[in-house]
Engineer: 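Here you go, one structure.
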Amino acid sequence: MEKSFEPAQIESTWYARWEASGAFKPSGQGEPYCILLPPPNVTGTLHMGHAFQQTVMDMLVRYQRMRGMNTLWQVGTDHAGIATQKIVENQLAVEQKTRHDLGRDAFVERVWKWKEESGSTITNQMRRIGAAADWSRERFTMDEGLSAAVRKVFIDWYRAGLIYRGNRLVNWDPVLGTAVSDLEVNNVERDGHMWSIRYMTTDGAASLVVATTRPETMLGDVAVAVHPEDERYAHLIGQLLHLPLTGRQIPVIADDYVDREFGTGCVKITPAHDFNDYAIGQRHKLAPITIFTLDAKVNDNAPEKYRGLDRYDARKAVLADLEASGLLVETKPHKLQVPVSQRSDAVIEPMLTDQWFVDLTSDVQADGRPGGRKAITEPALDAVRSGEIRFVPENWATTYTQWLDNIQDWCISRQLWWGHRIPAWYDEAGNIFVGEDEADARASAATAPVGALRQDDDVLDTWFSSALWPFSTLGWPANGPVQNERGEVVANWEQDKIFLPSAVLVTGFDIIFFWVARMVMATKYFTGQIPFREVYINAIVRDAEGQKMSKSKGNTLDPLDLIDGIALEPLVEKSTRSLLIPQVRAKVEKRIRKDYPDGIPAIGTDALRFTFAALASYSRTINFDLKRAEGYKAFCNKLWNASRFVLMNVDQVEPDQRKWNNARSNFSDGGLLINRWILSRLQATIREVEEHFRSYRFDLAAQTLYEFVWNEYCDWYIELCKPYFSGDKEGNKDFVSQTALQVLEHTLRLLHPIIPFITEEIWQQVAPRLGFETLSIFDQPYPIAELRLDSIEADREVSWLKATVSKVRQIRSEMNISPGKTIPLLFADGDDGDRARVAKFAAQISFLARTEAPQWIEAGADEPAAAAAVVGTLRVMIPLAGLIDVAAEKARLTKEIARIEVEIRKCEGKLGNASFVANAPAEVVAQERQRIADWNTTLGALREQAGKLQK
């Protein structure tokens, strides 16, 4: 092995070998185990959330493969309709062209070209973090096979009466010119105003004052609503009002939606431009009036003077006219939540448009067939309520069911050119014909179309195609092998449906509604199965201070910059690149220079992955701290150096010694005992890690492995082995060496799912010495705990040794005795067991604590002035003469006595609490009583030692 661990030198080498050897493909052996990658946008690059989520998936896949499962990590990318179209349109804008200059077919061809040239960025970055994904089966939501699945689902649901076309209110992006989903809308707090406007009754005898943050929408008002029990306005309900500036009359209506305590208690109703108003309008059968064009300009339904104005210019004009007419009562500052498009930063406009919807709310259709709630929504609800699908953590099941209980019909159409074009055609009379193509649409029609047919211009929402991911990626609905554009087989439904349902979906809580629920809906409907058995909701990664990572804040971290490192100046440029406001840019640059004065050092993939594992608890968010990542790089270095030391001191293990050898179990020799101890600790570690993987507590698995490797194997076991490595001490060198190597090999396998690169590299050096013939650690079974290797006695004995050595080291440290100085060591009191242990471990104690051979002070003999510590009833003493400042030792003992007195008071406080004694489990109460007894024993010994020093 190289002298130092250099991640960059091994990562690219090993990943290329794994992928080339087909290591990530299903083995065909064992029980199927599948994980679906949430398909990232083809436009995307790897961010910290991706890296964290994909590390979790990769750990599971590697772990289950080593456990003998037939694993498939199904990967692919989403065509990302809006984002991808925007990228290519921006490219055309540089050429001073629009998509309309090219025409639809040429534009789509240009998008495909961009995809082939630039669409693999994120998948190549996934390889950098070690993703054990089957790239030979990589899918794209617009590939031929998945497009066929999309068409079939649309057609089948349409023909079942579960997809319809209607004029409904949707989120409209006036810049992109399309409807967008709720997921693509951010509610941003902004400074605005609340304007109060007076509406007069038609007889002029009374008036109402409404408060609004959008006065321009009054041009589309159809009513003013008050609460039916509001005595202030009861006499006005049913009367007509003059709608200012328009010449129209509108009624006063009563509706429970109105909050009597907010504002004036009067609400203007504009159903065509507000979702709540739309619901009120439907309840009261009020015809909505649309006042904006699709590019957010005032249309011809408004008075002529406002027509053609941008909505914000119209606001200014409306306010000026209201003020001039004396109807603007008040203007005051107001904080408001503004819906902003993620894709264009445009303010979303609720807009009535003709769209396609999936029915998710009706129980029965007019012809008696099941409606969408019965056919689609309720089966998805039952899958979770029955326990078929389990959420981890389980509280997210409530989020899922509450949303489905209150679900609305799903708008699935988008006004784009890039995406799955809706397979619907219209004749001259506006009749709709749906089919695989125009010929199929004609053939399936109940009546002949009138004249030529025109295909719908819209495409389907990208969530529609990704909802089919669990089964479309496996080849459904094709009857045979499905090939990609290169002619390679990527799926075969008849063979691959063994992977449905998949084992677990790893995803974020923000897409439970938009993806998780819809996958359950579609998979249950079309295959009769659930898409996955468990849903693990991973936390959201935030920065070290708990702030959301955002380019606008300049606090994002690129996982590849952590892996490879980045100098300060490139980091500053990268973090401030998208910040246009000078003040914000200066603030971010100052913070970057303060937090990363030397840039970011390279920590390597394994250290980053271990950091993610250590953070992966059940919490909703995690704070990523670079210092912690640097700590796990130190862990990787520790593993490397320990492995190198073992390999330098251990020869080839003979074939008959390659299994755990318990024949030599004589506890009279400390060397054999330390073997039994480390084997016992290894079994406990294996069991704990297995339980933590089963419960998705990757943080606890990482902690368990860290403690075993660093604290037990490296800091204690290897140190205890050194006397045996340096000479054939009592004929046990081979046996100790054999155990050291075998435990190392098992440890590498335990660690491999979390830190695959370093474990593979070291394993390649270890395996030949143990006679392994397989090519990769990836092909080795995951360790299984063996009950016969547990040893309570070895645990107890070595725990005593560790405690004794630790006490000596503690005294040396606190008394500032040079680590290299050999010092005398005395024992006093104790019992027969202590004397036996001292005899057994004398050599180890002297070696580890750098002492002379331990000596006993018999009862009644004079004791020299000494610094002392207590292990049970055994006193451990270092004579003070020539070594220790007596006054300092008195101070140390006083401090230790005070600490133990505090611990005793804590225990006494608990045991003195009647409620605690009555309600706590019996074993907890017994544990507290034992603790107080142990503390009192230690306290007595320390007080005795302090008294002797006083004399």
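The first residue of the sequence shown is numbered 1, and numbering continues consecutively from there. Keep in mind it's a predicted model, so treat the numbers as computed, not measured.
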Engineer: Any chance the rings of Trp396 and Phe509 have centres within less than 6.0 Å?
Structural biologist: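 Yes, the ring of Trp396 comes within the 6.0 Å limit of the ring of Phe509, centre to centre.
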Engineer: Which label fits Phe610 and Tyr632: parallel for a plane angle under 30°, tilted from 30 to 60°, or perpendicular past 60°?
Structural biologist: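 The rings of Phe610 and Tyr632 sit tilted, inter-plane angle from 30° to 60°.
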Engineer: Is any side-chain heavy atom of Trp114 closer than 4.5 Å to one of Val42?
Structural biologist: yes
Engineer: Parallel, tilted or perpendicular: which describes the rings of Phe725 and Phe645, with under 30° parallel and over 60° perpendicular?
Structural biologist: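 Answer is tilted, since the angle falls between 30° and 60°.
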Engineer: Picking from Glu95, Glu89, Glu116, what satisfies salt bridge (Lys or Arg N to Asp or Glu O under 4.0 Å) with Arg110?
Structural biologist: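 The passing option is Glu95.
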Engineer: Measure the shortest side-chain to side-chain distance between Ser341 and Val185 over non-hydrogen atoms and say whether it is less than 4.5 angstrom.
Structural biologist: no
Engineer: Evaluate the ring planes of His47 and His50, with Trp represented by its six-membered ring, and classify them as parallel (under 30°), tilted (30 to 60°) or perpendicular (over 60°).
Structural biologist: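 His47 and His50: parallel rings.
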Engineer: Does NZ or CZ of Lys638 come closer than 6.0 Å to the centre of the six-membered ring of Tyr713, within 45° of the ring's axis?
Structural biologist: no
Engineer: Ring of Tyr782, cation from Arg749 - is the NZ or CZ under 6.0 Å from the centre and inside 45° of the axis?
Structural biologist: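 Arg749 over Tyr782 ring: no.
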Engineer: Flag the pair Phe532 / Val516 as yes when at least one side-chain heavy-atom distance between them is below 4.5 Å, and no otherwise.
Structural biologist: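 Yes, their side chains come closer than 4.5 Å.
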Engineer: From Ile129 CD1 over to Arg609 CZ, what is the distance, rounded to the nearest 0.5 angstrom?
Structural biologist: 7.0 Å
Engineer: Answer whether the closest heavy-atom distance between the side chains of Trp135 and Arg127 falls below 4.5 Å.
Structural biologist: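 Sidechains of Arg127 and Trp135: in contact.
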